[in-house]
Amino acid sequence: MLHKRMQHFSALLGIDMNLFDIRLKEFSAFGNTFCSRCPHRCDYKNMHLYGCYESVRWDSKYIYYCPMDFIFVAVPVVDEFDILSSGVILGPILMGDPEDFEETYSLPHMETAKVNDLAEVASAVFCTVLEETMPDATADFLNTIYRELEILPENGDYPIDLEKKLQSAIAGGDGKNAREYLNRLLGEIFFQSNGDFNVIKARALELLVLLSRSAIEGGADTAQIFNLNNNYLKEIDRFDSLEKLSLWLSSVINRFVSYVFEFSDVKHADTMHKITAFIKSNYMHKISLGDIAEHVYMSKSYISKIFNEEMHMSISSYISKVRIDKSKHLLLDDSMTIADIASLTGFEDQSYFTKQFKTATGLSPKKFRERHTAVT
């Protein structure tokens with residue numbers, strides 16, 4: 001049913017749609033995807049995994065950029081245990097002025113508002129439960145838990161050393177060992193709680209706090225991990241069996257590990273794209289650092305820092321550059337006054353515009369127009 005919906009939706013809107021498998025980190029539908037054909041070889045698997053995870057965080061939809069400046073939309077699909085199993089990926093889409101793109105590959109073009117509308121509708125249509133039998137990987141995971149229960153020592157002491165190994169694996173981005181240590185630790189917790197599920201959940205809450213701190217120690221963004229952890233603490237009450245709780249904790253570990261290592265570059269690039277796209281869409285208005293920070297859901301100090309590192313200029317300098325570049329195009333139209341152009345490109349007044357333009361180009365707007373206006 002899900003694949004059929006995707007095919008109809010894709011045909012109706014002329015937008016590529018694919019199903020991304022979280023566990024395999026690969027597209028599992030429609031075969032030859034755009035990303036596999038794209039000549040720009042980026043880390044598209046982690047990029048789409050990041051999009052899927054973020055879609056859970058942001059109301060069942062997430063809009064993000066690829067290194068080619070193309071737009072994608074991710075919508076989460078959960079399995080029978082209410083764990084994120086896949087993501088419906090829509091795109092690529094061109095958003096903004098097509099002239100800003102070196103290559104378009106005949107991709108569909110949408111304005112920002114339309115992309116937001118698309119994300120909302122896609123969330124309503126595709127945010128669903130994937131009705132499948134328990135996958136082999138899930139069964140193997142649960143069997144591991146039960147095997148650990150059979151070989152526990154009889155003294156019943158809580159294995160602090162095992163907990164520390166788990167924390168170290170998370171901080172080091174070691175997903176394989178982290179899952180192994182979690183299995184063993186859950187077995188210990190289950191054994192010592194005498195099967196009291198309320199006690200098990202209480203210990204799981206303690207684990208979540210420890211694991212989130214370990215992820216931060218490993219380099220994950222503090223605000224992002226705290227936000228995730230806050231959501232997790234609210235979610236834990238809905239589980240009513242060790243199987244579901246164990247699978248959910250394993251998915252949490254996968255996500256923490258991903259945010260420590262796999263997503264650092266992806267998140268950075270996505271944030272940069274969103275900052276520059278916001279500026280290009282709003283250069284004609286007054287733009288504050290607070291406006292940009294609110295748009296990307298990050299602190300002003302963080303976006304200032306990464307922008308300087310990436311672009312080797314301040315955000316205010318970049319805003320001025322975008323405005324100057326836009327004004328150059330408008331100056332070629334001699335029917336427009338310089339005062340009108342200053343207003344249309346977001347400058348406070350004509351005098352300030354002239355000063356900034358001359359600083360950037362070495363010419364006044366009038367001289368620039370005289371030199372570049374085509375002679376007919």
Side-chain angles (χ1 to χ4, degrees), residues 2 5-20 33-35 44 47-78 84 86-101 104-128 223-224 227-228 231 263 266-298 303 315 319 322 326 346:
L2 179 60
R5 286 184 192 174
M6 291 170 62
Q7 289 172 332
H8 287 308
F9 204 84
S10 176
L12 179 64
L13 297 179
I15 297 173
D16 284 351
M17 298 186 65
N18 293 279
L19 196 63
F20 190 82
T33 65
F34 175 85
C35 287
Y44 75 87
M47 178 185 73
H48 292 306
L49 182 64
Y50 173 77
C52 292
Y53 279 147
E54 290 295 275
S55 70
V56 176
R57 182 183 174 199
W58 300 110
D59 297 327
S60 300
K61 59 188 178 298
Y62 188 67
I63 301 169
Y64 55 104
Y65 287 83
C66 79
M68 294 287 283
D69 283 340
F70 300 150
I71 285 286
F72 289 85
V73 177
V75 174
V77 179
V78 300
L84 180 68
S86 307
V88 174
I89 307 296
L90 296 81
I93 302 166
L94 299 182
M95 188 174 76
D97 190 343
E99 294 181 357
D100 292 337
F101 297 89
T104 63
Y105 303 99
S106 300
L107 298 177
H109 174 259
M110 287 186 172
E111 299 299 327
T112 303
K114 292 296 184 183
V115 173
N116 288 327
D117 291 339
L118 174 68
E120 290 288 350
V121 174
S123 175
V125 173
F126 299 109
C127 186
T128 184
Q224 196 160 35
N227 182 280
L228 290 174
N231 291 336
F263 292 162
V266 173
K267 176 189 171 185
H268 182 96
D270 186 48
T271 301
M272 287 298 303
H273 281 301
K274 287 185 175 179
I275 292 172
T276 55
F278 180 81
I279 292 170
K280 289 177 181 178
S281 297
N282 294 277
Y283 67 89
M284 68 292 298
H285 306 300
K286 184 178 180 180
I287 303 175
S288 70
L289 188 59
D291 294 332
I292 299 171
E294 184 178 350
H295 177 71
V296 299
Y297 300 102
M298 293 178 181
I303 62 173
I315 290 180
I319 293 172
V322 170
K326 294 296 181 180

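Along the sequence shown, the residues carry numbers beginning at 1. All values below come from the heavy atoms of this structure, side chains included, with hydrogens, waters and symmetry mates left out.
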Mind checking whether Met47 and Phe72 have side chains closer than 4.5 Å, heavy atoms only?
yes

For Tyr64, which residues count as a side-chain hydrogen bond (donor to acceptor under 3.5 Å, both in side chains) partner, sequence neighbours excluded?
His48

With a 4.5 Å heavy-atom cut-off, do Tyr297 and Thr271 have their side chains touching?
no

side-chain contact (heavy atoms from CB on, under 4.5 Å) against Ala293, all qualifying residues, sequence neighbours excluded:
Lys300, Ile303

Check against side-chain contact (heavy atoms from CB on, under 4.5 Å), Cys52 and Phe20
CA-CA 8 Å; Cys52 292; Phe20 190 82; 4.1 Å; yes

Donor-acceptor pairs under 3.5 angstrom involving side-chain atoms of residues 112-121: please list them, not counting sequence neighbours.
| from | atom 1 | to | atom 2 | distance (Å) |
| --- | --- | --- | --- | --- |
| Asn116 | ND2 | Thr112 | O | 3.4 |
| Glu120 | OE2 | Lys61 | NZ | 3.4 |

With heavy-atom distances below 4.5 Å as the criterion, would you say the side chains of Phe126 and Phe9 are in contact?
yes

Side-chain heavy-atom pair Ile287, Phe278 within 4.5 angstrom cut-off
yes

Qualifying residues under side-chain hydrogen bond (donor to acceptor under 3.5 Å, both in side chains), relative to His268, sequence neighbours excluded:
Glu310

Contact summary for Ser55 and Ala74, nearest pair of heavy atoms:
CB-O, 3.4 Å

Judged by atom type as modelled, is there a donor-acceptor pair below 3.5 Å linking the side chain of Asn18 to the main-chain atoms of Ile89?
no

Report the residues that fulfil salt bridge (charged side-chain N to carboxylate O under 4.0 Å, His left out) with Asp16, sequence neighbours left out, ordered by chain and then residue number.
none

Given side chains that start at C-beta, do those of Phe70 and Met95 come closer than 4.5 Å, heavy atoms only?
no

Could you work out, with side-chain hydrogen bond (donor to acceptor under 3.5 Å, both in side chains) as the rule, every residue matching His273, not counting sequence neighbours?
Asp69

Sequence neighbours excluded, every pair satisfying side-chain hydrogen bond (donor to acceptor under 3.5 Å, both in side chains) that has a member inside residues 281-290
Ser288-Asp291

With side-chain contact (heavy atoms from CB on, under 4.5 Å) as the criterion, how do Met6 and Met17 come out once you've worked through the C-alpha distance, each side chain's angles and the decisive distance to 0.1 Å?
CA-CA 6 Å; Met6 291 170 62; Met17 298 186 65; 4.1 Å; yes

Okay, side chain of Ser86, backbone of Val77: is any donor-acceptor separation there less than 3.5 Å?
no

Going by heavy atoms in the side chains, are Val73 and Tyr62 under 4.5 Å from each other?
no

State which residues pass side-chain contact (heavy atoms from CB on, under 4.5 Å) with Val56; sequence neighbours excluded, sorted by chain then number.
Pro76, Leu84, Arg255

Test item: Ile315 and Ile279 side chains (from C-beta on) under 4.5 Å apart, heavy atoms:
yes

Looking at Leu90, Ile63, Leu94, which one forms a side chain to side chain contact (heavy atoms under 4.5 Å, CB included) with Ile71?
Ile63

Measure the shortest side-chain to side-chain distance between Val125 and Arg5 over non-hydrogen atoms and say whether it is less than 4.5 angstrom.
yes

